[in-house]
> 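The structure under discussion is supplied below as structure tokens; questions concerning it will follow.
If you're wondering where the values come from, they're calculated on a predicted model, not measured in any experiment.
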Amino acid sequence: MLLTNATFDFIEEIDRKDDIPTLVDSYQSLIGKFGMLYFMAGNRDHPAMQREDRLWATTWPEEWLNHWMSRKYFFVDPVAAQLMRRNEPVRWSEAQTASNKTGARIFEEANEFRMKDGFALPIYSREGFVIAISMGAEHYELGKLEEMCLHIGSIYFHAKLERLRAKDAPPPHSPRLTRRERECLSWVAAGKTDWEISQILAIAEQTVHEYVQNALIKLNATTRAQAVAVAIFTKQITA
């Protein structure tokens with residue numbers, strides 16, 4: 001019950017946070033009450049794409065963070081891989097069981113920083129990307145109720161962090177869509193198929209398909225739903 005109270009206290013407290021450092025401090029304090037030593041939150045989507053904003057927030061030891069980032073562990077870490085596959089919270093020890101040689105090495109190296117087990121969960125951003133939040137512990141003593149509390153607290157943390165990041169971020173510079181690309185994507189957002197859009201706009205179905213694919217490429221999206229989300233976020237179409 002005490003940890004449940006701590007979670008609701010945290011949710012109430014972060015309403016008053018208006019900068020990322022104090023928000024991160026509050027979240028670190030919360031996970032510490034659950035026995036977690038450090039955490040990392042970031043985006044591992046599109047591994048081949050160079051992005052400067054993959055790391056959203058972390059309290060990992062600097063040495064471990066630098067090592068983990070320089071080795072590009074984000075894209076081979078078995079915990080992160082499990083998050084993407086299962087789309088549900090993962091205990092580190094579960095991922096460790098299924099890890100390969102590289103994954104086993106990552107766990108061994110994390111042990112050197114007292115992170116012998118942990119808890120991780122995926123949360124979707126407003127752009128449709130998966131944000132992985134992973135926290136490590138020397139001794140894992142959480143039951144289901146504690147994991148649920150940590151999950152709920154992490155959702156609120158992510159939501160507040162995303163709002164603060166958006167407030168501090170420069171205006172988006174996504175490539176601009178053409179008028180036809182915006183029209184087609186708007187109809188995609190309305191649930192129309194390529195054939196239905198072709199009838200509405202009086203153009204060939206193949207032409208509609210090409211406009212939509214061009215939009216996906218410009219917006220660096222892998223799915224139509226993701227392209228719609230990015231187009232709405234960058235104010236190129238309306239919801």
Side-chain angles (χ1 to χ4, degrees), residues 14-15 17-20 23-24 40-58 69 72 74-77 80-81 83-88 121-133 154-239:
I14 63 173
D15 260 350
K17 302 297 181 187
D18 57 8
D19 64 84
I20 292 176
L23 174 67
V24 169
M40 184 281 302
N43 169 14
R44 75 184 292 275
D45 281 334
H46 304 296
M49 181 181 167
Q50 292 292 330
R51 298 184 63 150
E52 299 297 327
D53 61 345
R54 290 198 180 278
L55 187 64
W56 280 35
T58 185
M69 295 294 285
K72 300 186 185 303
F74 212 157
F75 309 115
V76 294
D77 189 314
L83 287 180
M84 300 301 291
R85 277 198 297 270
R86 294 170 45 176
N87 195 29
E88 63 182 5
L121 59 147
I123 300 176
Y124 282 90
S125 71
R126 288 184 297 185
E127 296 176 82
F129 297 119
V130 175
I131 301 303
I133 299 181
S154 298
I155 290 172
Y156 276 85
F157 166 68
H158 165 268
K160 185 73 178 191
L161 179 62
E162 186 170 48
R163 287 199 297 274
L164 291 176
R165 281 171 52 87
K167 187 184 72 171
D168 296 340
H173 295 288
S174 295
R176 307 306 295 177
L177 303 178
T178 65
R179 178 179 62 82
R180 275 301 197 195
E181 290 164 352
R182 290 197 304 274
E183 284 180 340
C184 290
L185 207 53
S186 293
W187 285 116
V188 170
K192 302 296 184 185
T193 66
D194 286 355
W195 182 84
E196 291 171 327
I197 298 171
S198 73
Q199 299 303 300
I200 294 169
L201 300 180
I203 57 178
E205 182 178 0
Q206 179 60 30
T207 302
V208 171
H209 181 74
E210 291 172 0
Y211 280 131
V212 174
Q213 289 305 306
N214 286 341
L216 262 71
I217 293 170
K218 284 184 177 180
L219 299 175
N220 193 36
T222 55
T223 67
R224 292 181 171 219
Q226 192 178 65
V228 167
V230 175
I232 292 173
F233 180 70
T234 55
K235 303 185 187 310
Q236 300 197 58
I237 65 173
T238 56

> I need the minimum non-hydrogen distance between Leu177 and Gln236, along with the two atoms involved.
N-OE1, 2.8 Å
> Are Leu164 and Asp19 close enough that some pair of their side-chain heavy atoms sits under 4.5 Å apart?
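Of all side-chain heavy-atom pairs linking Asp19 with Leu164, none is under 4.5 Å.
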> Please find the pair of heavy atoms, one from Leu219 and one from Ala227, that lie closest to each other, and give the distance.
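That closest heavy-atom pairing would be CD1-O, 3.4 Å.
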> Is the shortest heavy-atom distance from the side chain of Glu196 to the side chain of Glu205 under 4.5 Å?
no
> Which heavy atom in Phe75 sits nearest to a heavy atom in Arg54, and how many Å separate them?
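That would be CZ-NE, 3.5 Å.
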> May I ask you to decide if Leu23's main-chain N or O and Lys160's side chain share a donor-acceptor pair within less than 3.5 Å?
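Answer holds: no.
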> If you take all heavy atoms of Ala221 and Gln226, which pair is closest and at what distance?
CA-OE1, 3.1 Å
> Specify the closest pair of heavy atoms between Val130 and Tyr124, including all atoms of both residues, with the distance to one decimal.
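Minimum heavy-atom separation between Val130 and Tyr124: CG2-CE2, 3.4 Å.
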> Using the side chain to side chain contact (heavy atoms under 4.5 Å, CB included) criterion, which residues pair with Leu201? Sequence neighbours excluded.
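Scan of Leu201 (side chain to side chain contact (heavy atoms under 4.5 Å, CB included), adjacent residues dropped) gives Arg180, Glu183, Cys184, Trp187, Ile197, Ile203.
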> Atom CE of Met69 and atom OG1 of Thr58: how far apart are they, to the nearest 0.5 Å?
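Here the rounded value is 9.0 Å.
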> Step by step, work out the side chain to side chain contact (heavy atoms under 4.5 Å, CB included) result for Gln213 and Arg224.
CA-CA 9 Å; Gln213 289 305 306; Arg224 292 181 171 219; 4.2 Å; yes
> Would you call Asn220 and Val230 a side-chain contact if the rule is heavy atoms closer than 4.5 Å?
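No. Closest side-chain heavy atoms not under 4.5 Å.
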> Would you name the heavy atoms of His209 and Asp194 that are closest together and state the gap between them?
ND1-OD2, 3.2 Å
> Under the rule for side chain to side chain contact (heavy atoms under 4.5 Å, CB included), what residues qualify as partners of Gln199, not counting sequence neighbours?
Trp195
> Output the distance between atom CD (Glu181) and atom CZ (Arg176), rounded to the nearest 0.5 Å.
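Here the rounded value is 11.5 Å.
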> How far does CD1 of Ile131 sit from CG of Leu83, to the nearest 0.5 angstrom?
11.5 Å
> With sequence neighbours left out, write down each residue that passes side chain to side chain contact (heavy atoms under 4.5 Å, CB included) with Glu88, or none if nothing qualifies.
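Only Arg86 meet the side chain to side chain contact (heavy atoms under 4.5 Å, CB included) criterion with Glu88.
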> How long is the span from the CD atom in Glu162 to the CD1 atom in Ile123, to the nearest 0.5 Å?
9.5 Å
> Are any of the side-chain heavy atoms of Leu216 and Thr222 separated by less than 4.5 Å?
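Of all side-chain heavy-atom pairs linking Thr222 with Leu216, none is under 4.5 Å.
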